[in-house]
Number of protein chains: 2
Amino acid sequence: MTSPAAGKPIRTAITDDDGIDFAIIELFFFAYRDFTSDPDQILADYGFGRAHHRVLHFVNRRPGLTVAELLDVLKITKQSLARVLKQLIDTDHIVQVQGPRDRRQRELYPTAKGRALALALARPQSRRIRAALEDSGATERATIERFLEAMVNPELRAQIDIVPAQTSGKNHGDH
Amino acid sequence: MTSPAAGKPIRTAITDDDGIDFAIIELFFFAYRDFTSDPDQILADYGFGRAHHRVLHFVNRRPGLTVAELLDVLKITKQSLARVLKQLIDTDHIVQVQGPRDRRQRELYPTAKGRALALALARPQSRRIRAALEDSGATERATIERFLEAMVNPELRAQIDIVPAQTSGKNHGDH
DNA sequence: AAATTACGTCAATAGTACTGACATAATTCC
DNA sequence: GGAATTATGTCAGTACTATTGACGTAATTT
């Protein structure tokens with residue numbers, strides 16, 4: 001069962017006492033695992049994967065962003081994006097428009113079909129978040145947003161909060 | 001640039017006004033992306049990937065768990081686990097011990113080497129969490145833990161909080 | 001005119017996952 | 001005791017997402 005030169009089994013659990021915040025590390029893993037599992041069902045119906053979801057999300061969030069900008073947000077390579085983007089364009093979820101100033105650029109926009117799919121994918125995720133915030137007020141929500149934002153690399157924080165809700169006056173942050 | 005039958009580009013951004021909590025959806029994506037990027041550097045030195053990290057983590061967290069239990073926690077298939085687990089055993093990070101009651105079972109334990117690697121991988125993640133909680137007190141921390149736990153599928157919450165810190169009396173939840 | 005930039009594409013490879021099938025040993029059920 | 005089930009391991013084939021490196025084209029900048 002154990003090979004001759006194998007080390008001895010350690011029988012005690014690693015814990016927060018080792019100076020590491022395992023509680024939150026683990027919670028973060030489970031939370032994200034289930035968070036991403038929601039849209040996976042829907043994506044399977046289209047023959048799409050998570051990569052398609054991410055592209056669709058950001059094209060809807062920042063319509064008109066260029067290919068280079070998208071690569072920067074997703075932190076993947078051009079070659080990785082190519083297949084996924086091509087499929088989304090071929091299936092009429094995303095359209096490319098020649099850049100107005102620089103004609104080398106391709107501005108990416110969602111179609112009505114792409115907008116609808118992005119919303120359908122986000123709906124179960126939003127529902128999960130709403131349920132998790134059920135008994136929370138604006139204070140708790142702010143705490144969670146601050147925490148998540150602080151988890152992002154400082155130099156990349158510019159990527160977030162680019163799209164503030166264009167609320168007319170609805171106090172929709174409250175619960 | 002646009003194919004003949006292509007839909008028209010939508011030029012307005014999708015926002016929280018569409019009834020979806022895009023703010024937190026996006027924050028969660030960025031936060032997790034950077035959270036997992038920390039250990040990736042270290043793993044590369046060993047020729048390991050994220051799958052190895054996850055296995056190593058849970059074997060350290062719940063020493064003696066069986067293969068079946070590990071599959072259940074990770075929510076992957078036996079075949080997916082096989083290669084990764086074999087590599088970790090071959091490199092003497094994990095050892096298998098025959099189950100005491102049921103000899104068909106293989107209890108998984110970390111070696112000293114496996115314990116050390118698990119700690120090394122968790123260290124930068126824990127540092128990131130500590131930094132994100134810098135100005136937070138016990139209340140904020142509790143809010144965040146509650147939120148993350150509520151994001152997990154209810155029927156799977158049994159998987160978490162199995163390993164409470166065996167603190168003697170240190171009030172280590174406070175900052 | 002030359003260099004750079006933005007984008008697209010081809011080829012090869014890696015890591016992680018999947019389904020389906022089959023084998024072995026140990027336990028449980030009848 | 002024999003049959004069924006369980007825990008684990010393994011083989012084969014496939015899919016998705018990602019990588020590096022190289023090359024081509026069109027447009028812009030120097």
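The analysis underlying the following values was restricted to heavy atoms, covering all of them including side chains, and did not include hydrogens, waters or symmetry mates. Proteins get letters first, then strands, A, B, ... in listed order; numbering begins at 1 in each.
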(request) May I ask you to decide whether A:E149 forms a salt bridge with A:R157, counting only side-chain N to carboxylate O separations under 4.0 Å? (result) no

(request) Determine which pairs satisfy ring-ring contact (aromatic ring centres under 6.0 Å, His included) with at least one residue from residues 112-133 of chain B, sequence neighbours left out, and list them in order. (result) none

(message) Judged by each residue's nearest nucleotide on DNA chain D, which is more toward the 5′ side, B:A82 or A:I76?
(response) B:A82

(message) Test: salt bridge (charged side-chain N to carboxylate O under 4.0 Å, His left out). Region: residues 41-52 of chain A. Which pairs qualify, not counting sequence neighbours?
(response) A:D40-A:R50

(request) Send over the distance from A:L81 CG to D:dA18 C1', rounded to a whole Å. (result) 12 Å

(request) Report the residues that fulfil ring-ring contact (aromatic ring centres under 6.0 Å, His included) with B:H52, sequence neighbours left out, ordered by chain and then residue number. (result) B:F48

(message) Heavy atoms within less than 4.0 Å of DNA chain D: which residues of residues 51-59 of chain A have one? Give them sorted by number.
(response) A:A51, A:H52, A:R54

(message) Any carboxylate oxygen within less than 4.0 angstrom of a Lys/Arg side-chain nitrogen, looking at A:E134 and A:R130?
(response) no

(request) For B:F28, enumerate each residue passing the ring-ring contact (aromatic ring centres under 6.0 Å, His included) test, keeping only those at least two apart in sequence or located in another chain. (result) A:F28, A:Y32, A:F35

(request) Determine, for A:R83 against A:D90, whether the closest basic-nitrogen to carboxylate-oxygen distance falls under 4.0 angstrom. (result) no

(request) Find out whether B:T111 and A:I10 are in side-chain contact, i.e. whether some heavy atom of one side chain is under 4.5 Å from a heavy atom of the other. (result) no

(request) Would you jot down, in residue-number order, the residues of residues 65-74 of chain B having a non-hydrogen atom under 4.0 Å from DNA chain D? (result) B:T66, B:V67, B:A68

(message) How many whole angstroms separate atom NZ of B:K86 from atom C1' of D:dT8?
(response) 14 Å

(request) Say whether A:L74 and B:I25 are linked into one hydrophobic cluster, either directly or through other cluster members, by side-chain heavy-atom distances under 4.5 angstrom. (result) yes

(message) Please find the pair of heavy atoms, one from B:D16 and one from B:D21, that lie closest to each other, and give the distance.
(response) OD1-C, 3.9 Å

(request) Please determine if B:R33 and B:E26 form a salt bridge, counting it only when a charged side-chain N lies under 4.0 Å from a carboxylate O. (result) no

(message) Tell me which pairs pass salt bridge (charged side-chain N to carboxylate O under 4.0 Å, His left out) where either residue lies in residues 72-81 of chain A, with sequence neighbours left out.
(response) A:D72-A:K75

(request) Among residues two or more places apart or on two chains, list those pairs meeting salt bridge (charged side-chain N to carboxylate O under 4.0 Å, His left out) that have a residue in residues 112-127 of chain B. (result) none

(request) List the atom of A:L121, the atom of A:P124, and the distance in Å for their closest heavy-atom pair. (result) O-CD, 3.5 Å

(request) Measure the distance from CG on A:L88 to C1' on D:dT17 and round it to the nearest whole Å. (result) 14 Å

(request) Shoot me the first and last contacting nucleotide of DNA chain C against chain B, ordered 5' to 3', at under 4.0 angstrom to non-hydrogen atoms. (result) C:dG15 to C:dT27

(request) Starting from the 5' end of DNA chain C, give me the residue, A:L85 or B:Q87, whose nearest nucleotide shows up first. (result) A:L85

(message) Can you measure B:L43 atom CG to D:dA18 atom C1' for me and round it to whole angstrom units?
(response) 16 Å

(message) Please report the distance, rounded to the nearest Å, between CZ in A:R83 and C1' in D:dT17.
(response) 6 Å

(request) Go through the structure and list residues passing ring-ring contact (aromatic ring centres under 6.0 Å, His included) with A:F58, not counting sequence neighbours. (result) B:F29, B:F30

(request) Scan nucleotides 23-30 of chain D nucleotide by nucleotide, 5' to 3', and note B when protein non-hydrogen atoms come under 4.0 Å of the base, S if they reach only the sugar-phosphate, - if neither. (result) ---BBS--

(message) Can you list, in residue-number order, the parts of residues 30-41 of chain B that come under 4.0 Å of DNA chain C, counting heavy atoms only?
(response) none

